[in-house]
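I have placed the structure first, in the form of structure tokens, so that the comments after it can refer back to it.
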2 protein chains.
Amino acid sequence: MKLSRGVEWGLHCAVLLAVTPDGPPVSRQKLAAEYDLPEAYLVKHLHSMVRSGILQSTSGPNGGFRLARPPADITALDVVEAVEGSAPPFTCQEIRRRGRGAAPPELCAEPCTVNSVMTAAHQAWRDSLRGVTVADLLERLPEGALARSRP
Amino acid sequence: MKLSRGVEWGLHCAVLLAVTPDGPPVSRQKLAAEYDLPEAYLVKHLHSMVRSGILQSTSGPNGGFRLARPPADITALDVVEAVEGSAPPFTCQEIRRRGRGAAPPELCAEPCTVNSVMTAAHQAWRDSLRGVTVADLLERLPEGALARSRP
Ligand code: FES
Ligand code: FES
């Protein structure tokens, strides 16, 4: 069970863009240089965040990326699922219906108990990430951590 | 972010072995046939559960697998981490220390805020799975679901 490195990049870029949410768009070059990230690969993730409605992108010589919503309206979950997708990590293959111990169909109307437990854990993970916004992340950064990025 | 199919297999096998925790060991063939699982691949996961102290294995013609502890002392988390490993899905690459926006070392003494948020979500997931035991899973199964497996 591994999350893409893009999760770290996407969250940090969102926080960086939250420093000046009303400022001009930040170019892909500047975002990549900020954390020394591979530009093409970073842009792939930024475009996923555009598709999810977290970022706006503008083209042209002064184009780049901005937050599409106020930082307080973007949760960590929004960013993580934009980058990683929202498919749950556990997929029930309905093994209870198979083999020598196959449960009869009438006992399989409800989701399997094991499946429900795995789903509840995924919801706990999602709830935890949903409880933190990009505005919170920015506020919790140590004073000065983004000093060089401020305009 | 994907969990191995072995998680479903391991949890169901643990519940199956919890039906008769004091009974004789159940052979690998019987466990595989119960859910029509590929035996060699299932055994790999069962051995991980042995190494984690969840199962005992005995060899010989009547050998097989048993629970190593009472079902109430084995959590869903124990099984999931035995099968999947316990490495957290998010790994901080310390990008805050890199590039044009690199934070000075004195601001990096504490774990990064983004990292802390991802770690808290993983703990919420673990806490959720730790709150359910194999005994709970067995009890919550619909009446009759394991009827064919009872001795
Ligand atoms: S049948 Fe899939 S989790 Fe039980
Ligand atoms: S530097 Fe890794 S999460 Fe912030």
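A, B, ... follow the sequence lines: proteins, then strands. Residue 1 opens every chain.
A/Val117 and B/Leu141 fall within a single hydrophobic cluster, where Ile, Leu, Val, Met, Phe, Trp and Tyr side chains are chained together by heavy-atom contacts under 4.5 Å.
Between B/Arg5 and B/Glu8, no side-chain nitrogen of the basic residue sits less than 4.0 Å from a carboxylate oxygen of the acidic one, so the salt-bridge criterion is not met.
Between chain B and the residues A/Asn115, A/Asp136, A/Val7, A/Val114, the most heavy-atom pairs under 4.5 angstrom are made by A/Val114. Ranked by heavy-atom pairs under 4.5 Å with chain B, the first of A/Leu37, A/Asp127, A/Thr113 is A/Thr113. Counting heavy-atom pairs closer than 4.5 Å to chain B, the top residue among A/Ser4, A/Gly131, A/Ala120, A/Cys92 is A/Cys92. No other option in B/Ala33, B/Cys112, B/Ala32 has as many heavy-atom pairs under 4.5 Å with chain A as B/Ala33. Options B/Thr91, B/Asp36, B/Leu3, B/Leu11 differ in how many heavy-atom pairs under 4.5 Å they form with chain A, and the most are formed by B/Leu3.
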Evaluate the side-chain contact (heavy atoms from CB on, under 4.5 Å) criterion for residues A/Val132 and A/Arg140: first the C-alpha distance (whole Å), next the side-chain angles of each, then the deciding distance (0.1 Å), finally the verdict. CA-CA 11 Å; A/Val132 182; A/Arg140 290 187 207 163; 4.2 Å; yes
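Inter-residue side-chain proximity for B/Phe90 and B/Thr119 is flagged as unmet; no heavy-atom pair is nearer than 4.5 Å.
Heavy atoms from other residues, nucleotides or ligands lying under 6.0 Å from CD of A/Glu106 number more than 12. Few gaps surround CD on A/Glu39; more than 12 heavy atoms of other groups in view lie less than 6.0 Å from it. Heavy atoms from other residues, nucleotides or ligands lying under 6.0 Å from CD of B/Gln29 number more than 12.
Using cut-offs of 30° and 60° for the angle between ring planes, the A/His122 and A/Trp125 rings count as parallel.
Heavy-atom distances place the backbone of A/Glu94, and not its side chain, under 4.5 Å from chain B.
Ring-centre distance between B/Tyr35 and B/His12: below the 6.0 Å cut-off.
Interface with chain A: from residues 65-89 of chain B, residues B/Ala76, B/Val80, B/Glu84, B/Pro88, B/Pro89 qualify, criterion being any non-hydrogen pair under 4.5 Å.
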